[in-house]
Amino acid sequence: MSKDKNKIELLQTDYAKEKFVQFEKERRQVIFRRRRLAVFFIAALALFAIVGIQLFNDQVRLQKLNEYKAETIAKQEAAEKENVDLARDVALLQDDEYVAKLARSRLFYSKDDEKIYPVLPDSNETDTTGDATEDSTESTTASQD
């Protein structure tokens, strides 16, 4: 056997040349179609990426807005509760007996023939609103009839 690997020879006829040109033309068309399809897929991928990024950003913004809404609703509820408490306090302050009782307990005013014995509240009973002081002061006032 001969070591010549290229034992096939092409016939240089007009028909063979015509088929070779036709084959090359079809191969170029297939390559062109593949490239055009690849460009189409790349463009579609870029479009989906852009839309996906926009959707992600919108989702993040919507989540932040929902958190802000929940925060605002909580603040509104707290403000409404404070408004109700203040309205109750205003209504109480329009009652003369309540105002007199409040003045006696906080400012150590007394009625005629009444002695006040202030007692300091325990350290564990202290309240930031001053209610413990008011209660202990009220308990120390005694009327002398």
Side-chain angles (χ1 to χ4, degrees), residues 5-12 14-145:
K5 293 184 180 186
N6 195 3
K7 292 184 178 182
I8 301 173
E9 262 189 60
L10 296 175
L11 294 175
Q12 297 295 329
D14 290 337
Y15 178 77
K17 288 179 183 177
E18 185 180 312
K19 287 295 182 180
F20 183 72
V21 169
Q22 183 181 0
F23 174 73
E24 280 295 316
K25 188 176 180 182
E26 287 176 4
R27 191 178 63 84
R28 286 185 192 143
Q29 283 181 354
V30 167
I31 291 172
F32 177 74
R33 287 181 189 150
R34 285 181 185 164
R35 287 181 183 163
R36 186 172 54 186
L37 189 61
V39 168
F40 174 75
F41 281 134
I42 290 171
L45 182 65
L47 181 68
F48 286 133
I50 290 170
V51 170
I53 290 170
Q54 288 294 338
L55 284 173
F56 178 75
N57 289 339
D58 288 344
Q59 185 67 26
V60 168
R61 188 169 16 143
L62 181 64
Q63 184 178 3
K64 286 180 183 178
L65 285 174
N66 284 337
E67 290 173 1
Y68 180 72
K69 179 183 174 185
E71 227 176 82
T72 305
I73 287 173
K75 286 181 183 178
Q76 180 185 9
E77 289 173 355
E80 287 174 355
K81 184 177 184 243
E82 183 180 357
N83 192 14
V84 167
D85 291 343
L86 291 174
R88 183 181 48 85
D89 289 346
V90 167
L92 285 174
L93 288 174
Q94 291 179 359
D95 183 17
D96 291 336
E97 290 178 23
Y98 177 76
V99 172
K101 180 180 174 186
L102 191 64
R104 280 194 322 271
S105 68
R106 288 191 183 171
L107 303 175
F108 299 113
Y109 286 147
S110 64
K111 292 182 183 179
D112 293 337
D113 298 329
E114 183 178 56
K115 291 183 182 180
I116 299 175
Y117 299 102
V119 176
L120 296 176
D122 291 337
S123 62
N124 59 356
E125 291 182 15
T126 56
D127 191 5
T128 58
T129 60
D131 291 340
T133 306
E134 181 180 326
D135 292 342
S136 65
T137 309
E138 282 182 36
S139 65
T140 60
T141 57
S143 68
Q144 303 248 343
D145 291 328

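Because the structure is predicted, anything quoted here is derived from the model rather than measured.
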In Gln22, Gln29, Arg27, the residue satisfying side chain to side chain contact (heavy atoms under 4.5 Å, CB included) with Lys25 is Gln29
The reported gap from CG in Asp89 to CG in Leu102 (rounded to nearest 0.5 angstrom) is 9.5 Å
When rounded to the nearest 0.5 Å, the distance separating OH of Tyr68 from CZ of Arg61 is 15.5 Å
When rounded to the nearest 0.5 Å, the distance separating CZ of Arg36 from CZ of Phe40 is 11.0 Å
To the nearest 0.5 Å, atom CG of Leu37 lies from atom CD1 of Ile42 at 10.0 Å
CD (Glu26) and CZ (Phe23) are apart, to the nearest 0.5 Å, by 8.0 Å
**OP:** Can you establish whether the number of heavy atoms outside Glu24 located under 6.0 Å from its atom CD is more than 12?
**Re:** yes
Original post:
Side chains of Ile73 and Lys69: does their closest heavy-atom pair fall under 4.5 Å?
Top reply: yes
The reported gap from CG in Leu62 to CD in Glu67 (rounded to nearest 0.5 angstrom) is 10.5 Å
| task | Could you walk me through whether Lys81 and Glu77 pass side chain to side chain contact (heavy atoms under 4.5 Å, CB included), step by step? | result | CA-CA 6 Å; Lys81 184 177 184 243; Glu77 289 173 355; over 6 Å; no
message: Is it true that, when you exclude Asp14 itself, more than 12 heavy atoms of the residues, nucleotides or ligands shown sit nearer than 6.0 Å to its CG?
response: no
Note: Leu92 and Tyr98 closest approach over all heavy atoms is O-CD2, 3.3 Å
### Message
Test side chain to side chain contact (heavy atoms under 4.5 Å, CB included) on Glu82 and Leu86; report intermediate values, then the result.
### Response
CA-CA 6 Å; Glu82 183 180 357; Leu86 291 174; 4.1 Å; yes
